[in-house]
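Have a look at the structure below, then the notes.
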Protein chains: 2
Amino acid sequence: MAAQTGSQSVERASALLGLIVESGAPRTFSSLVDELGLAKSTTSRLLQALERSRLVYRDRAGAFRPGALFSLHAARPSALHDLAELARPTMEHLSTLCRETVNLAVARGGQLVEIDQVDSRYLIGATNWVGVDVPAHCTALGKVLYAYGALALPPGQLERRTAHSPVDRAQFEHALVEVRRRGWAGSLDELELGLAAVGAPVRAVDGTVVAAVSVSGPTNRINDFGITRLGDLLVTELRGLSGLLGHQPGRKGGSA
Amino acid sequence: MAAQTGSQSVERASALLGLIVESGAPRTFSSLVDELGLAKSTTSRLLQALERSRLVYRDRAGAFRPGALFSLHAARPSALHDLAELARPTMEHLSTLCRETVNLAVARGGQLVEIDQVDSRYLIGATNWVGVDVPAHCTALGKVLYAYGALALPPGQLERRTAHSPVDRAQFEHALVEVRRRGWAGSLDELELGLAAVGAPVRAVDGTVVAAVSVSGPTNRINDFGITRLGDLLVTELRGLSGLLGHQPGRKGGSA
DNA sequence: ACCCGGGTTCCATAATGTGAAACTTTGGAC
DNA sequence: GTCCAAAGTTTCACATTATGGAACCCGGGT
C-alpha cells in the first residue's frame with residue numbers, strides 16, 4: 001500500500017527535500033525527524049547524501065535550506081517558464097470559464113514580473129502584458145502580491161494613472177487588509193479607464209504566496225460577470241494549483 | 001572510490017537530478033543512461049521515484065525536466081537570495097582584491113535584476129544599485145547578459161545616458177562579439193560620467209551563463225587598476241563559482 | 001564538574017536496491 | 001497494412017545496501 005514499487009530511500013530523501021523546499025524557512029534537523037517520523041540515524045544519512053549532492057545545504061545556524069541546484073535553476077530565465085507550464089492548465093481552464101485574459105505573475109527583484117498570459121476569447125480584451133512595465137499598485141496582480149508580502153511597497157509617491165488609481169498610502173494599506181480578508185483583489189479603471197481586473201494568490205503548500213493570477217478585461221464585461229463571483233472563482237481554482245506545487249493532496253502518510 | 005558511506009541510491013538519484021537541472025535543456029532517458037552508466041532498469045526506477053516526488057517531470061516529448069519543486073522555489077522571492085549567498089564568498093574575495101563595489105545580477109522577466117552587492121572599501125564609490133532601474137546596455141552586467149544570450153536586446157531606441165553610451169545597434173552588436181571573445185565586458189562613462197565597470201559571466205557547469213558579476217567604481221581608479229587586468233581577474237575568480245553551482249569541486253578541506 | 005538535547009556513527013539484520021534479460025510499446029521504413 | 005529497431009518498463013533471483021536501536025560525541029547551560 002505504501003509507495004509503489006522499489007525505491008524507498010529515494011522517496012524518503014525526496015520527502016525530506018520536499019519539506020525543506022516547500023516551507024520557505026530553513027528547517028531544523030529535528031523538525032524533519034519529527035515530521036517524517038524516520039529514525040534519527042536514517043534521517044541523518046539521507047540528509048548527508050542530499051548535502052553531498054548539493055540538493056540541500058546547512059546555513060550557519062545548522063538549519064537545512066534548498067541547495068545550489070535550486071539556486072542554479074532559479075537563476076535561469078527559463079525557471080519561470082516552468083512555473084508557467086505548471087500553471088497553464090489552470091489558466092486555460094479559467095480562460096474557458098470567463099473568456100477573459102488570464103495572467104500569471106510573480107515578485108522578483110522587488111518588482112512584479114508577468115510570466116504568462118492566456119489571451120481573451122473576445123476580440124476586444126486586454127492585450128499582451130508580458131514584459132510591459134506598469135505600476136503594480138494599479139493592478140490586481142500587484143495588489144495581491146503586496147497584500148501577502150510577496151512584494152514590498154516601494155517608498156515614494158504612488159503613481160497616478162487614472163482618476164481611480166490608488167495614490168493615498170494609508171488608504172492603499174487599508175485596501176490590502178481588505179484583500180487579505182476576502183482572499184482576492186480587484187482593480188477597476190485604476191490602470192486605464194475601461195480596464196478591470198480581479199486577481200488572487202497562488203499558494204505553496206505551506207501557505208506562502210508565491211505568485212498571483214488575474215483575469216482582466218473591459219470593465220463592463222468584468223462587472224457583468226460579477227466581481228465577487230470572479231474573485232471567488234479564482235480563489236477556488238487556484239487552490240488546486242497549490243497541490244501541484246507540492247505534495248500530492250491525496251496520500252497521507254507519516255504520523256507513525 | 002566509493003562514496004563516503006551509506007546511501008548510494010540517493011546519490012545516484014541525485015546525480016540524475018543534477019544532470020537534468022544543470023543542463024538547461026530537457027534530457028532524454030537514454031542520454032541519462034549513457035552519461036551515468038547505470039543499468040536501464042535502475043535508471044528507470046530512480047527516475048520514477050523522482051517523478052513521484054515531483055522533483056522531475058516528463059514533458060510532452062517524454063524528456064525529463066526539473067519538477068514542480070524547482071519551479072516553486074524559483075517563484076519565491078528568496079530564491080535569488082540563495083544564489084547571492086552562494087556567490088557571496090567569491091564577491092567578498094573580489095572586493096578585497098580590488099576594493100571596489102561588486103555586483104551580482106541575473107536576467108529575469110526580460111530584465112536585468114541586481115540581486116546583491118558588496119560595497120566599495122573606498123569612501124567614494126558606486127552606491128547601492130540593487131533595485132535601481134538602469135538601462136542595461138550602458139552597464140557591464142547588462143552587456144555580459146546580452147552577449148551570452150541570457151537577456152534579449154529589446155527593440156526600439158537604445159537610451160543615451162552620456163556621450164559615451166552605446167546607441168548604435170550595429171556597433172553594440174559588434175561590441176558584444178568582442179565581449180564574447182574576451183570573456184568580459186567593460187563600460188566606461190557609459191551610464192554616468194566618471195563611473196566605470198567591468199563585468200564577467202557566471203556559468204553553470206554546462207557553460208550556460210546564468211548570472212553576471214561586475215566591479216564598478218570611479219573611472220580613474222578602475223583605469224589605474226587596469227581594465228584588462230580586472231576583466232581577467234573576474235573571469236578567473238568566477239570560474240570557481242561554476243563549481244559551486246554544480247558538481248562537487250572535491251570533498252576535501254576546501255574552505256579554511 | 002555535571003547533565004541534557006541535538007546529532008552522528010556503529011553494527012547486526014533483512015529489507016531493499018540491483019542489473020541481465022525478458023517483455024512491451026513506440027515509431028519508422030517499406 | 002507488416003516488419004523491424006529503438007526506447008523504455010517489469011520481472012526476478014541475488015547480495016549489496018539501507019535500516020533503526022543503541023552507543024557515542026559535542027557544545028553549552030547550570
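Here is how names work: the chains are called A, B, and so on, in the same order as the sequence lines, proteins then strands, and each is numbered from 1.
- Side chain of Ser9(B), nearest nucleotide from dT18(C), dG20(D), dG7(C): dT18(C).
- The closest side-chain heavy-atom distance from Asn103(A) to Val213(A) is not below 4.5 Å.
- The closest side-chain donor-acceptor pair between Gln48(A) and Ser44(A) falls under 3.5 angstrom.
- To the nearest angstrom, P of dG20(D) lies 13 Å from NZ of Lys40(A).
- For the pair Arg76(B) and Phe70(A), the NZ or CZ position fails the cation-pi test of under 6.0 Å to the six-membered ring centre and within 45 degrees of the ring normal.
- Residue Arg12(A) places none of its side-chain N or O atoms closer than 4.0 Å to OP1 or OP2 of dT16(C).
- With dT9(C), dT10(D), dT16(D) as the candidates, the nucleotide lying closest to the side chain of Ser41(A) is dT9(C).
- Residue Ser30(B) is in sugar-phosphate contact alone, with no base atom involved, counting any heavy-atom pair closer than 4.0 Å across all strands shown.
- Atom CG in Leu47(A) sits about 10 Å away from atom P in dG7(C), given to the nearest Å.
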Derivation and outcome, side chain to side chain contact (heavy atoms under 4.5 Å, CB included), residues Leu38(A) and Arg12(A): CA-CA 9 Å; Leu38(A) 296 177; Arg12(A) 286 171 162 188; 3.5 Å; yes
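- Taking atom CZ of Phe64(A) as the reference point, atom C1' of dG6(C) lies 11 Å away to the nearest angstrom.
- Cation-pi contact between Arg58(B) and Phe29(B): absent, since separation from the ring centre below 6.0 Å together with deviation from the ring axis within 45° is not met.
- Atom-to-atom, CG of Leu16(B) to P of dG17(C) comes out at 15 Å; the value is rounded to the nearest Å.
- Nearer the 5' end of DNA chain C, as judged by each residue's closest nucleotide, is the contact made by Phe29(A), out of Phe29(A) and Leu38(B).
- Rounded to whole Å, the distance from CD on Gln8(A) to P on dT17(D) is 16 Å.
- Nearest to the side-chain atoms of Thr42(A) among the listed nucleotides dT19(D), dT18(C), dA21(C) stands dT19(D).
- Leu46(B) places its CG atom 12 Å from the C1' atom of dT16(C), with the value rounded to the nearest Å.
- Of the options Val102(B), Val215(B), Leu94(B), a side-chain contact (heavy atoms from CB on, under 4.5 Å) to Val118(B) is made by Val102(B) and by none of the others.
- In this structure, of dT9(D), dT16(D), dT9(C), it is dT9(D) that holds the atom nearest to the side chain of Gln48(B).
- There is no side-chain donor-acceptor pair under 3.5 Å between Ser216(B) and Ser214(B).
- The Ser44(B) side chain lies nearest to dT10(D) when the options are dG17(C), dT10(D), dG7(C).
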Provide a list of protein-nucleic acid N or O atom pairs under 3.5 angstrom, restricted to nucleotides 4-6 of chain D.
none

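- Which of dT10(D), dT8(C), dA18(D) sits closest to the side chain of Arg45(A) comes down to dA18(D).
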